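Counting starts at 1 for both ligands and their atoms, following the listed order. Predicted model only: the values in this text are computed from it and were never measured. Reckoned from all heavy atoms, side chains included, excluding hydrogens, waters and symmetry mates.
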Amino acid sequence: MRLEHVELRMVNVPLVSPFRTSFGTDTRHEVLLVHVITDVGEGWAECVAMDRPAYSSEYFNGAIDVIRSFFLPDLFSLGNDLTAEGVAPALKWAKGHRMAKASLETAVLDAQLRGAGVSLASYLGAVKDRVPAGVSVGIMDSLAELETAVGGYLDEGYLRIKLKIEPGWDIEPVRMVRETFGPEMLLQVDANTAYTRTDGAHLAQLDEFDLLLIEQPLDEEDIVGHAILATQVHTPICLDESIVSSSIAVDAIELGATTIINIKPGRVGGYLEGVRIHDVCAERAIPVWCGGMLETGIGRAANVALAALPNFLLPGDTSASSRYFAEDLTAPFVLEDGYVRVPTGPGIGVDPIPEVLEKFTLSTETISR
Ligand code: OSB
Ligand code: MG
């Protein structure tokens, strides 16, 4: 196939409520959409880089710059030899920028699969037609507010609750949720790197609450620290930010730093690398689950397809659209008995709704070959 034009479109979609993590508060989802026009058709992807380099070193203006300055010239120069599988090799010379690379690979893959009439789910190796939905619950101002939020999500049918934690908002919120909602609910926590190696004894206080896992307690570069922490706490450790490739995943597993892995395709350079992480984990009996970055329906559709692979053994942050958006860019993903349906149409299987897309668009830039 041949890449003809690429539209870089910034959108700003309001969130239904502020989302607070240990690295800040978001009230809107401002994000880059990548729309490719090829000789076999069009494709879409959502670049998960945030507005600021707080989750990782990437941020959307940086992604736009590296795409415009380096990545698109490389992909245009492939001429008729462009394939989705060839995007990562063509961009491999460039260090990092995995979210930017992932967005190009995904948009090209969407176009390629639409052209072939194949769904992303079946291309990736999905074995389910629906996936269990968890929900990520932000840090709140009070325990009462948290109780209301968690109760609401459970009433909606979410099958697993993830609480964001940080020093000062950890043991007591977890205790309250466990005591209020009972021992059966699937419960886990995510620290987004907010702790240090000296916090082992503190985090061991979470052991009594029978959590599924604690996600990324320490700095993303401190894989050895996670291995040390794993000897101090009984709660399984799950890495998110640290796992940027399948080879790092293997290292972290072999070091004893992680026994469960959160796969976010954007963080690791794309869905193809996401599948490789899925596979190396499956070979080592390490369960995985699909993370999220507050995606609109465009990114959510692709995540849900990935989450349908066999070693996704825990519910993901694959919530319904209504978790974040009153109005999504695509037909909304909805909860059905706690599950979200895997799209079956060609490519990512969803399309942006033109009027909604226009309404939330901040800017567009088209780059041609
Ligand atoms: O660490 O999983 C995370 C959102 C933004 C950045 C990092 C994370 C998150 C979430 C939300 O937890 C997951 C989602 O529902 O999309
Ligand atoms: Mg996380």
Side-chain angles (χ1 to χ4, degrees), residues 13 15-31 46-60 98-99 102 131-140 149-150 153 156 158-166 169-170 187-195 211-220 226 236-244 252 258 260-268 274 277 288-304 306-307 314-325 328-329 332-333 335 340:
V13 191
L15 297 181
V16 290
S17 55
F19 183 66
R20 181 172 154 202
T21 63
S22 59
F23 58 77
T25 304
D26 289 287
T27 56
R28 60 204 182 139
H29 183 58
E30 197 175 345
V31 78
E46 180 165 345
C47 177
V48 299
M50 300 179 78
D51 59 345
R52 58 202 189 280
Y55 166 79
S56 74
S57 63
E58 292 190 76
Y59 62 105
F60 55 64
R98 291 180 173 89
M99 293 174 177
V131 297
V135 60
S136 179
V137 184
I139 294 166
M140 308 258 160
V150 171
Y153 293 130
E156 285 182 60
Y158 283 104
L159 297 173
R160 179 276 272 155
I161 299 289
K162 159 169 140 181
L163 302 181
K164 290 290 190 179
I165 60 168
E166 65 182 3
W169 183 266
D170 45 25
L187 182 62
Q188 64 192 53
V189 294
D190 184 0
N192 289 112
T193 76
Y195 296 88
L211 301 178
L212 286 170
L213 57 91
I214 175 170
E215 187 179 341
Q216 197 71 44
L218 309 181
D219 188 86
E220 67 275 17
H226 286 96
I237 292 174
C238 168
L239 293 179
D240 171 354
E241 283 90 332
S242 295
I243 306 299
V244 297
T258 190
I260 299 171
I261 286 180
N262 166 333
I263 300 182
K264 287 181 187 170
R267 189 192 69 222
V268 306
I277 296 179
V288 303
W289 56 280
C290 185
M293 295 289 286
L294 285 68
E295 288 90 344
T296 72
I298 293 169
R300 195 165 297 273
N303 285 348
V304 168
L306 181 69
L314 294 166
D317 285 341
T318 46
S319 315
S321 297
S322 62
R323 158 68 185 93
Y324 291 114
F325 311 113
D328 203 340
L329 297 180
F333 282 83
L335 269 196
V340 170

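When the N, O or S atoms of D190 are ranked by distance to the Mg ion (ligand 2), OD2 comes first. No other N/O/S atom of E215 lies as close to the Mg ion (ligand 2) as OE2 does. The N, O or S atom of D240 with the smallest distance to the Mg ion (ligand 2) is OD2.
The shortest distance between side-chain heavy atoms of F60 and V31 does not fall below 4.5 Å. L335 is listed as a side-chain neighbour of V340, based on a closest heavy-atom distance under 4.5 Å.
The backbone N or O of L218 sits less than 3.5 Å from a side-chain atom of Q216, completing a donor-acceptor pair.
The heavy-atom pair separating N262 from E215 by the smallest distance is ND2-OE2, 2.9 Å.
In this structure, the protein non-hydrogen atom closest to atom 1 (O) of ligand 1 is N192 ND2, 2.7 Å. Looking only at protein heavy atoms, the nearest one to atom 13 (C) of ligand 1 is G292 O, 3.3 Å. When hydrogens are left out, the protein atom nearest atom 16 (O) of ligand 1 is L294 N, 2.8 Å; that is the closest non-hydrogen contact.
Of the polar atoms of S319, none of the N or O atoms is found under 3.5 Å from an N or O of ligand 1, judged by distance alone. Not one N or O of E241 is nearer than 3.5 Å to an N or O of ligand 1, by distance alone. Between N262 and ligand 1, no pair of N/O atoms sits closer than 3.5 Å.
Contacts between Q216 and ligand 1, counted as non-hydrogen atom pairs separated by less than 4.0 Å, are absent for every part of the residue. Counting heavy atoms under 4.0 Å from ligand 1, residue D190 touches it through the side chain alone. Here V135 has no heavy atoms under 4.0 Å from ligand 1, in either its backbone or its side chain.
Ligand 1 places these atoms under 4.0 Å from at least one heavy atom of D317: 12 (O), 13 (C), 14 (C), 15 (O). Close contacts between ligand 1 and Y324 involve ligand atoms 11 (C), 13 (C), 14 (C), 15 (O), 16 (O) [criterion: under 4.0 Å to a heavy atom]. For ligand 1, the atoms lying closer than 4.0 Å to a non-hydrogen atom of K162 are 2 (O), 3 (C), 12 (O). Each of the following atoms of ligand 1 lies closer than 4.0 Å to a heavy atom of D240: 1 (O), 2 (O), 3 (C).
E241 and T193 are not linked by any side-chain donor-acceptor pair at a separation below 3.5 angstrom, with hydrogens and angles left out of the test. Looking only at atom types and distance, the side chain of Y324 has no donor-acceptor partner in the side chain of D26 under 3.5 Å away.
With rounding to the nearest 0.5 Å, the separation of CZ in F23 from NZ in K164 is 6.0 Å. With rounding to the nearest 0.5 angstrom, the SG atom of C47 is 6.5 Å from the CD atom of E58.
In summary, no N, O or S atom of D317 is located under 2.8 Å from the Mg ion (ligand 2).
Just one residue in the list D240, V48, T21 forms a side-chain contact (heavy atoms from CB on, under 4.5 Å) with Y55, and that residue is D240.
For the pair R20 and W169, the cation-pi criterion (under 6.0 Å, within 45° of the ring axis) is not fulfilled.
Between R300 and D317, no side-chain nitrogen of the basic residue sits less than 4.0 Å from a carboxylate oxygen of the acidic one, so the salt-bridge criterion is not met.
Nearest-residue assignment for atom 10 (C) of ligand 1 (options M293, M50, K264, K164; heavy-atom criterion): K164.
Taking the ring centroids of H29 and F325, they lie under the 6.0 Å cut-off.
By the 4.0 Å heavy-atom criterion, E215 is counted among the residues contacting ligand 1.
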